[in-house]
Chemist: 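There's a structure below that I have some questions on.
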Amino acid sequence: MKKLFFTYTIFALICLLTSGCAASMKSNKVGIGQNLPCNINNNQNKIVQQSNKPISPQLGDLANFINTYNKMLSNNDAMLIADVIMRVSNYHRVDYRVVTALVAIESGFNPCAKSPSGAMGLGQLMPTTARGLNVNNPFDPNDNLNGAVKLLRSHLESYQGDINFALAAYKMGSGTVSRRGINQSTTIGYIKKIRSIYDRVP
């Protein structure tokens with residue numbers, strides 16, 4: 001009888017430990033859209049409207065514009081991207097409408113965007129450019145746009161505030177613009193598209 005009780009006790013302990021491990025493994029399992037480098041749907045990034053700090057009409061209008069441009073985004077994602085654009089643009093002293101238009105053309109407001117050439121994130125930063133700008137995670141909206149707007153600001157300073165040359169340098173690289181100017185049809189088309197969207201940004 002003692003032997004049987006001992007056997008059942010061992011069996012029960014094994015079951016308990018096994019179920020505990022299984023539960024632990026299940027809870028740590030990565031699901032679709034979780035823990036991904038470009039995922040912006042997490043609790044840390046969500047913008048929660050506080051009763052004492054309402055979302056400004058300007059931020060709301062920009063989020064609606066972004067959401068209309070990219071209907072795949074949730075309302076929260078669009079709000080997050082709008083908030084990052086406003087904050088980073090103010091910090092680097094760049095017109096947020098220019099930044100919005102640039103992001104629209106570069107990535108369509110898709111933080112997970114990656115081009116065949118390897119450009120990444122909202123501002124489509126190349127790996128070497130991202131490293132040079134100290135961008136650790138190019139698929140994080142904050143990190144990416146801080147680097148992208150910082151780069152645009154440096155081009156504006158290099159070309160004495162000429163937005164056409166700054167945008168051309170962002171697209172083609174400052175070395176190419178210095179050698180060839182902005183007469184290439186692709187560069188001119190790029191600037192025209194950004195200007196067209198700029199006029200519609202609220």
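In what follows, residues are counted from 1 in the order of the sequence shown.
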Chemist: Would you say the side-chain atoms of Tyr91 pair up with the backbone N or O of Asn146, donor to acceptor, closer than 3.5 Å?
Modeler: no

Chemist: Take atom CZ in Arg195; do more than 12 heavy atoms of anything else shown fall under 6.0 Å from it?
Modeler: no

Chemist: Evaluate Tyr190 against Leu102 for side chain to side chain contact (heavy atoms under 4.5 Å, CB included), listing each step before the verdict.
Modeler: CA-CA 9 Å; Tyr190 175 79; Leu102 183 143; 4.0 Å; yes

Chemist: Ignoring hydrogens and angles, tell me if any N or O in the side chain of Ser89 forms a donor-acceptor pair with the backbone of Ile85 under 3.5 Å.
Modeler: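 Yes, the answer is positive, given that a donor and an acceptor are paired below the 3.5 Å cut-off.
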
Chemist: Strictly distance-based, threshold 3.5 Å: is any side-chain N or O of Asn90 a donor or acceptor partner for the main-chain N or O of Met86?
Modeler: yes

Chemist: Could you state the interatomic distance from CZ (Phe109) to CD1 (Ile66), rounded to the nearest 0.5 Å?
Modeler: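 Here the rounded value is 4.5 Å.
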
Chemist: Which heavy atom of Ala63 sits nearest a heavy atom of Ala78, and at what distance?
Modeler: O-CB, 3.5 Å

Chemist: Enter the distance from Leu167:CG to Tyr198:OH here, rounded to the nearest 0.5 Å.
Modeler: 11.0 Å

Chemist: Enter the distance from Lys171:NZ to Ile182:CD1 here, rounded to the nearest 0.5 Å.
Modeler: 14.0 Å

Chemist: Check whether any side-chain N or O of Asn70 sits under 3.5 Å from a backbone N or O of Gly108 as a donor-acceptor pair, and report yes or no.
Modeler: yes

Chemist: Given 3.5 Å as the limit, does a donor-acceptor pair link the side chain of Asn144 with the main chain of Leu125, or not?
Modeler: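 Side chain of Asn144 to backbone of Leu125, a donor-acceptor pair under 3.5 Å: no, none is there.
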
Chemist: I'd like to know if the side chain of Asn67 reaches the main chain of Leu73, judged simply by a donor and an acceptor atom lying under 3.5 Å from each other, with no hydrogens or angles considered.
Modeler: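 A pair under 3.5 Å: yes.
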
Chemist: For the pair Asp61 and Phe65, evaluate side chain to side chain contact (heavy atoms under 4.5 Å, CB included) and give the outcome as yes or no after the intermediate values.
Modeler: CA-CA 6 Å; Asp61 289 344; Phe65 174 83; over 6 Å; no

Chemist: Out of curiosity, Ile188 CD1 to Asn164 CG, how far, rounded to the nearest 0.5 Å?
Modeler: 9.5 Å

Chemist: Mind listing the closest non-hydrogen atom pair of Val94 and Val99 along with its distance?
Modeler: CG1-CG2, 3.8 Å

Chemist: How close do Glu106 and Leu122 get, counting heavy atoms only, and between which atoms?
Modeler: CB-O, 3.8 Å

Chemist: Output the distance between atom CD (Gln124) and atom OG1 (Thr129), rounded to the nearest 0.5 Å.
Modeler: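 The distance works out to 11.5 Å.
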
Chemist: In the structure I gave you, are the side-chain heavy atoms of Phe139 and Met120 within less than 4.5 Å of one another anywhere?
Modeler: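 The answer is yes; the side chains approach within 4.5 Å.
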
Chemist: Any idea which heavy atoms bring Ala113 and Ser107 closest together, and the distance?
Modeler: CB-CB, 3.9 Å

Chemist: Report yes or no: do Ile105 and Met126 belong to one cluster of Ile/Leu/Val/Met/Phe/Trp/Tyr joined by side chain heavy-atom distances under 4.5 Å?
Modeler: no

Chemist: Treating Ser196 as the side-chain partner and Lys192 as the backbone partner, does any N or O pair qualify as donor plus acceptor under 3.5 Å?
Modeler: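 No; judged by distance alone, with no hydrogens or angles, the pair does not exist.
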
Chemist: Can you name the one residue among Asn64, Ile197, Val103 that meets side chain to side chain contact (heavy atoms under 4.5 Å, CB included) with Tyr69?
Modeler: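 Result: among Asn64, Ile197, Val103, Ile197 is the only option passing the side chain to side chain contact (heavy atoms under 4.5 Å, CB included) with Tyr69.
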
Chemist: Please report the closest heavy-atom contact between Gly118 and Pro127, naming both atoms and the distance.
Modeler: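 That closest heavy-atom pairing would be O-CD, 3.6 Å.
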
Chemist: Determine whether Arg87 and Asn142 make a side-chain contact, defined as any pair of heavy atoms from C-beta on separated by less than 4.5 Å.
Modeler: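 Yes, at least one pair of side-chain atoms sits under 4.5 Å.
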
Chemist: Considering non-hydrogen atoms only, spot the tightest contact between Gly147 and Leu133 and give its length.
Modeler: O-CD1, 3.3 Å

Chemist: I need the Tyr96 OH to Leu62 CG distance, nearest 0.5 Å.
Modeler: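 It is 6.5 Å, given to the nearest 0.5 Å.
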
Chemist: Are Tyr159 and Ser174 side-chain neighbours, meaning at least one heavy-atom pair lies under 4.5 Å?
Modeler: yes

Chemist: Does the side chain of Leu152 come within less than 4.5 Å of Val98's, by heavy atoms?
Modeler: yes

